Number of protein chains: 2
Amino acid sequence: MTPPRRRLPPEERRRAILDAAAAFFAEEGLDAPTRDLARRAGVTQALLYRYFPSKAALLEAVFERVYLNRLDPAWLDALRDRAVPIEARVTAFYEAYTAAIFTPEWMRIFMWAGLAGEELNRRYLEHLGAAFLRPLAEELAAAPGLRAPEMEDVWNLHGSLVYLGIRRFIYRLPTPQDARRPIARAVARFLAGLRA
Amino acid sequence: MTPPRRRLPPEERRRAILDAAAAFFAEEGLDAPTRDLARRAGVTQALLYRYFPSKAALLEAVFERVYLNRLDPAWLDALRDRAVPIEARVTAFYEAYTAAIFTPEWMRIFMWAGLAGEELNRRYLEHLGAAFLRPLAEELAAAPGLRAPEMEDVWNLHGSLVYLGIRRFIYRLPTPQDARRPIARAVARFLAGLRA
DNA sequence: CCCGTTGGTTTTCGCTTGATCAACAAGCGC
DNA sequence: GCGCTTGTTGATCAAGCGAAAACCAACGGG
């Protein structure tokens, strides 16, 4: 009946707690109680405070784990490779991007953080805009036969695809399990709109 | 120094509390403390429980106030009026729809509720889909020169415009203050995509 | 002008929260 | 197998939570 008291190397225990914390806070929200998290991680609540000085610090570590190094710089090179048709490039970018962010942890923690007023979202989206969406807009402008889009048009395309993840992970509505078809159709329609 | 104890007719007080509650829970989240709400409403915390039996009941009343009768059946008639060009009809629908939902209360409570797992979102979006978006899809299919869209295409258009509100009210990022231009461009592009 | 109805406040309860700390025991070096 | 380091626990605290109960006073009818 007494739970065996297993002793783990600190590195390993820390990672186990962070894994549990990411899934837990994604599900329950950023101010879900640390006691419930501890139960889920299979440790006592007090132990969390050996690895993290405060709940805020633990959350910061979760943010880092979920959002850092999730954007692959290689996507930018592929996006800029004008040997490849523009439609294939944009499609490939959004297939890679949605594959990276369409997880409960990414989508739900992002939304919880946004509502809570964390700066995470603004910083992240400004970076995404500058590092990927503006280059994407430039490639569209440079593509033969396309009118140059405004950044707001690109955000519109972006939102149309991210919304698929919102329906799936936030509202838990049924959505196509494979995002590739919706992506292909949305990108094709977007480009057709820039040609007309 | 002592706050004047003002006596209001119950109907009026109830409405004042609901007004404050909608703004308060939109800002702070559905499990923000009732004491803070009371302070904001200018009453004591205990008084809330004279007008609502529990916090859950108060939240239910807020949902009703924010989401009930917000969708105007007249939109459907306008959407189905084939004397008007399809582009004007879709544009007008989304101008009316975004005017109805682009408020902090609507957008933020909807997102808090979705994350909290409330049934509100599923019920609302299923109703919206059946009552407005499916007819919209039918009108697109019936419009001359357009390929019939899948429902998923319509949700894509829908999301591209709702995402504008998410950026503004959830992430608090700068967005065009007037939604009409983005709507016009998104709808025009969408239709062009269905023509190609 | 007084009095009863009832809107409003003060006080309190039982419970949960983030965080702390002394006590305990698992595992490695010897 | 011994003992020390240190990962882990149970007990505890002050603050904050939703809710209830007792008390107070504003207003209209007589």
Side-chain angles (χ1 to χ4, degrees), chain A residues 1-63 109 112-113 115-118, chain B residues 1-63 109 112-113 115-118:
Chain A
M1 217 53 215
T2 46
R5 181 185 265 192
R6 279 189 50 217
R7 211 182 158 96
L8 260 59
E11 196 74 10
E12 208 169 319
R13 176 69 72 191
R14 190 187 148 91
R15 247 200 61 199
I17 291 178
L18 269 182
D19 284 351
F24 172 75
F25 287 123
E27 183 57 33
E28 308 286 337
L30 304 188
D31 41 40
T34 54
R35 277 169 179 80
D36 292 357
L37 164 59
R39 192 176 316 123
R40 177 150 171 168
V43 297
T44 54
Q45 185 239 6
L47 190 63
L48 303 178
Y49 288 85
R50 181 170 193 89
Y51 290 89
F52 303 93
S54 69
K55 186 182 176 180
L58 167 56
L59 276 171
E60 202 58 47
V62 168
F63 289 169
I109 292 179
W112 287 115
L115 284 166
E118 302 277 347
Chain B
M1 215 56 216
T2 46
R5 181 186 264 191
R6 280 189 50 219
R7 214 180 155 98
L8 259 61
E11 196 75 8
E12 207 169 319
R13 176 69 73 191
R14 190 189 149 92
R15 247 199 62 200
I17 291 178
L18 270 181
D19 284 350
F24 172 75
F25 287 123
E27 183 58 35
E28 308 285 338
L30 304 189
D31 40 43
T34 54
R35 276 169 178 81
D36 291 357
L37 164 59
R39 192 176 315 122
R40 177 150 171 170
V43 298
T44 54
Q45 184 243 4
L47 189 64
L48 303 178
Y49 288 85
R50 183 173 192 88
Y51 290 89
F52 303 93
S54 69
K55 186 181 176 182
L58 168 56
L59 276 171
E60 201 59 47
V62 168
F63 289 169
I109 292 180
W112 285 116
L115 284 166
E118 302 276 348

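All heavy atoms count here, side chains included; hydrogens, waters and symmetry mates do not. Since the model is a prediction, treat every value here as computed from it, not as a measurement. Here is the naming used below: chain letters follow the sequence lines, and residue numbers restart at 1 for every chain.
Which of D/dA19, C/dT20, C/dG7 sits closest to the side chain of B/Y49 comes down to D/dA19. The listed nucleotides are D/dG18, D/dG7, D/dA19; the one nearest the side chain of A/P10 is D/dG7. For A/T44, whose side chain is taken as the heavy atoms from C-beta onward, the closest listed nucleotide among C/dG27, D/dG10, C/dG18 is D/dG10. For A/R35, taking side-chain heavy atoms from C-beta onward, the closest of the listed nucleotides C/dG8, C/dA19, D/dA19 is C/dA19. Listed nucleotides: C/dG8, C/dT10, C/dG18. Nearest to the side chain of B/A46: C/dT10.
Distance B/L47 CG to D/dG18 C1': 15 Å, rounded to the nearest Å. Distance A/D31 CG to D/dG16 P: 15 Å, rounded to the nearest Å. Nucleotide D/dT8 holds its P atom 6 Å from the CG atom of A/L8, rounded to whole Å. Computed from coordinates, the A/L48 CG to C/dT20 P distance equals 13 Å when rounded to whole Å.
Annotation: the span from B/L30 atom CG to B/F63 atom CZ amounts to 5.0 Å, rounded to 0.5 Å. For the atom pair CD (B/E27) and CD1 (B/I109), the distance works out to 10.5 Å, reported to the nearest 0.5 Å. Note that the CZ atom of A/R35 and the CG atom of A/L48 stand 10.0 Å from one another [nearest 0.5 Å].
Checking A/Q45 against A/Y51, the closest nucleotide of DNA chain D that is more toward the 5' end is the one next to A/Y51.
At a threshold of 4.0 angstrom between heavy atoms, the contacts of A/R13 are confined to the sugar-phosphate backbone, with no base atom among them. Among the atoms of the strands shown, none is found under 4.0 Å from any heavy atom of B/A38.
One donor-acceptor pair, N or O on each side, does fall under 3.5 Å between the base of D/dT6 and the side chain of A/R7.
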